[in-house]
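Down below is the structure, laid out as structure tokens.
The chain is numbered in sequence order, starting from 1.
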Amino acid sequence: MTPESACEIGAMLAMSYLLVVDDHDDLRAAVCLLLRMAGHEVAMAADGRQALASVSEREPDLIVLDLWMPGMSGFAVCRVLKQNPFTARIPVLMLTAQSDVEHKVEGFEAGADDYLAKPFEPRELQARVTSLLRLVQREGERNPSSGLPGGLAIEAEIARRLALQRENGAAFCVGYLDLDHFKSFADTFGFAVADQVIRATGPALRRALKSCGAPDDFAGHIGGDDFIIVTSAEIAESVAHATALEFRRAVAEAIGIEAVQCNTFRGRDRQGQERDFPVACLASIMLIVEAGRWVSFPALGERAADLKRDAKANGAGAILMANL
């Protein structure tokens, strides 16, 4: 690692947004002060329900979570966070006055990433927070542009759905989403606008799933202008229409509602020829997955790639439903 890259990682860690959850006012304030002095932005919650509400408003980079709280324990909060694909990647450092092995095991089974017994040495708390943040940075499971999970997190979610299907027989859908004519859009409107659209796509997909999806539906970012959603088969088409609508709103925020209402823009194709293109639309390949026909992740990607060509032939913003 070069000195420059070490400095960049240090700066990212210092700017992290943390959430401290503890029902004891004095301890909560002390932990917050300690972490703020280390350069972090820190929010506070006095109980488990406040913590979940805070996470829904703004996702923290790390949560310092007290184990024993009235109403909703740290175990319960951690389980809720780890069962949701959108929040499962948030590292949780659990604090407790109980240092016995049984409580530690229960905490790790709930999904806690690390454990620190009270009373603790301030330097140890800072070191554990820094270590967890560095681990998340190094794994890079969340796409820095969209904020959506990617890579192994996508595969893990599909594997989880396959396991559930083998238990209950309910088919699910993997949706591959591609931004139509995005290169020409970026060339015409500029990199900054194109980057804004990519960044806005993550929240747009989350809004769509929240409006018409199920609580455990998943959105991920494969890379570039390729995204993925995982939902139940019976609502897949409705989810596809909702994602297209939310994406159009994201584009309108980037280039203005008037430009979007024109429906086309003048740009150059890959051969350098000027022509009219539809304003950035979302093409959706919705693959119904049945465990009995499952082969592999590469086979899933190949099937989606073949169907994507068919969808593009149907025009911008096409939604194509198919079986795996």
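Electrostatic pairing of Glu41 and Arg58 counts as a salt bridge here, judged by a charged N lying under 4.0 Å from a carboxylate O. Ion pairing of Glu155 with Arg160 is absent here, as no side-chain N (NZ or NE/NH1/NH2) approaches a carboxylate O to less than 4.0 Å. With respect to the salt-bridge test (charged N to carboxylate O, under 4.0 angstrom), the residues Asp217 and Arg206 do not qualify. Between Asp25 and Arg28 there is a salt bridge, since a side-chain N of the basic residue sits under 4.0 Å from a carboxylate O of the acidic one. Remark: Glu124 engages Arg128 in a salt bridge, criterion side-chain N to carboxylate O under 4.0 Å. Between Asp22 and Lys118 there is a salt bridge, since a side-chain N of the basic residue sits under 4.0 Å from a carboxylate O of the acidic one.
Ile319 is listed as a side-chain neighbour of His241, based on a closest heavy-atom distance under 4.5 Å. Two residues are said to be in side-chain contact when any heavy atoms from C-beta on lie closer than 4.5 Å; Val77 and Leu52 meet this criterion. Side-chain contact between Glu121 and Leu125: absent, with no pair of heavy atoms (C-beta onward) separated by less than 4.5 Å. Side-chain contact between Leu300 and Ile158 is present, with at least one heavy-atom pair separated by less than 4.5 Å. Side-chain contact check for Gln196 versus Ile255: every heavy-atom pair is 4.5 Å or farther apart. Proximity of His221 to Ile228: side-chain heavy atoms (C-beta onward) are nowhere separated by under 4.5 Å. Side-chain contact between Met286 and Leu320: absent, with no pair of heavy atoms (C-beta onward) separated by less than 4.5 Å. With contacts defined as side-chain heavy-atom distances shorter than 4.5 Å, the pair Val64/Val21 does not qualify.
For Arg161 (side chain) and Val289 (main-chain N/O), no donor-acceptor pair under 3.5 Å exists by modelled atom type. Side-chain atoms of Ser131 do not come within 3.5 Å of backbone N or O of Ala127 as any donor-acceptor pair. Under a 3.5 Å cut-off, the side chain of Thr188 and the backbone N or O of Ser184 do form a donor-acceptor pair. Under a 3.5 Å cut-off, the side chain of Ser54 and the backbone N or O of Gln50 do not form any donor-acceptor pair. Remark: side-chain polar atoms of Arg268 are not paired, donor with acceptor, to backbone N or O of Gln273 under 3.5 angstrom.
Residues Ala233 and Ile288 share a closest heavy-atom pair of CB-CD1, 3.9 Å. Smallest separation of non-hydrogen atoms from Pro70 and Asp23: CD-OD2, 3.4 Å. Taking every heavy atom of both residues into account, Pro60 and Val55 meet most closely at CD-CG2, 4.0 Å. Heavy atoms only, all atoms of each residue included: Gly74 and Leu65 are closest at O-CD2, 3.3 Å. Of all non-hydrogen atoms in Cys32 and Ala43, the two that sit nearest each other are SG-O, 4.4 Å. Taking every heavy atom of both residues into account, Asp66 and Leu95 meet most closely at OD1-O, 3.2 Å.
Figure legend: cation-pi geometry between Arg266 and Phe277 absent, as NZ or CZ is not positioned both under 6.0 Å from the six-membered ring centre and within 45° of its axis.
Taking CE of Met72 as the reference point, atom CZ of Arg49 lies at 5.5 Å (rounded to 0.5 Å). Taking CG of Asp225 as the start and CG of Asp178 as the end, the distance is 5.0 Å to the nearest 0.5 Å. Here the straight-line distance linking atom CZ of Phe75 with atom CE of Met94 works out to 6.0 Å at 0.5 Å rounding. Atom CZ of Phe172 and atom CG of Asp216 lie 11.5 Å apart (nearest 0.5 Å). Residue Ile229 holds its CD1 atom at 6.5 Å from OG of Ser284, rounded to the nearest 0.5 Å. The CD1 atom of Ile90 lies 6.0 Å from the CG atom of Leu81; values are rounded to the nearest 0.5 Å.
Neither Val279 nor Ile257 shares a network with the other; the hydrophobic side chains, linked directly or stepwise wherever heavy atoms of I, L, V, M, F, W or Y lie under 4.5 Å apart, form separate groups for each. Met37 and Val42 are assigned to two separate hydrophobic clusters, defined by single-linkage of ILVMFWY side chains at heavy-atom distances under 4.5 Å. Both Leu35 and Leu116 belong to a common hydrophobic cluster when Ile, Leu, Val, Met, Phe, Trp and Tyr are linked at side-chain heavy-atom distances under 4.5 angstrom. The cluster map of Ile, Leu, Val, Met, Phe, Trp and Tyr, joined by side-chain heavy atoms under 4.5 Å apart, puts Leu245 and Leu179 in different clusters. Tyr17 and Leu93 fall into different hydrophobic clusters, where Ile, Leu, Val, Met, Phe, Trp and Tyr are joined by side-chain heavy atoms under 4.5 Å apart, directly or via other members.
Shown here is Asp276, whose CG atom has more than 12 heavy atoms of other residues, nucleotides or ligands within 6.0 Å.
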Subject >> Derivation of the salt bridge (charged side-chain N to carboxylate O under 4.0 Å, His left out) call for Arg249 and Glu253 >> reply: CA-CA 6 Å; Arg249 289 172 177 165; Glu253 291 179 2; over 6 Å; no
Original post:
Which is it for Asp226 and Lys308 under the salt bridge (charged side-chain N to carboxylate O under 4.0 Å, His left out) test, yes or no, and what are the steps along the way?
Top reply: CA-CA 11 Å; Asp226 294 317; Lys308 187 162 69 172; 3.8 Å; yes
Subject >> Derivation of the side-chain contact (heavy atoms from CB on, under 4.5 Å) call for Thr231 and Phe218 >> reply: CA-CA 7 Å; Thr231 185; Phe218 176 90; over 6 Å; no
**OP:** Check step by step if side-chain contact (heavy atoms from CB on, under 4.5 Å) holds for Val239 and Leu209.
**Re:** CA-CA 7 Å; Val239 168; Leu209 291 180; 3.6 Å; yes
Original post:
Would Phe182 and Val197 count as a side-chain contact (heavy atoms from CB on, under 4.5 Å) if you check the C-alpha gap in whole Å, the side-chain angles of each, and the deciding distance to 0.1 Å?
Top reply: CA-CA 10 Å; Phe182 195 68; Val197 169; 4.0 Å; yes
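Among Ile63, Val31, Leu133, the single residue meeting the side chain to side chain contact (heavy atoms under 4.5 Å, CB included) criterion with Leu18 is Leu133.
The aromatic rings of Phe189 and Phe185 lie tilted to each other, with the angle between the two planes from 30° to 60°.
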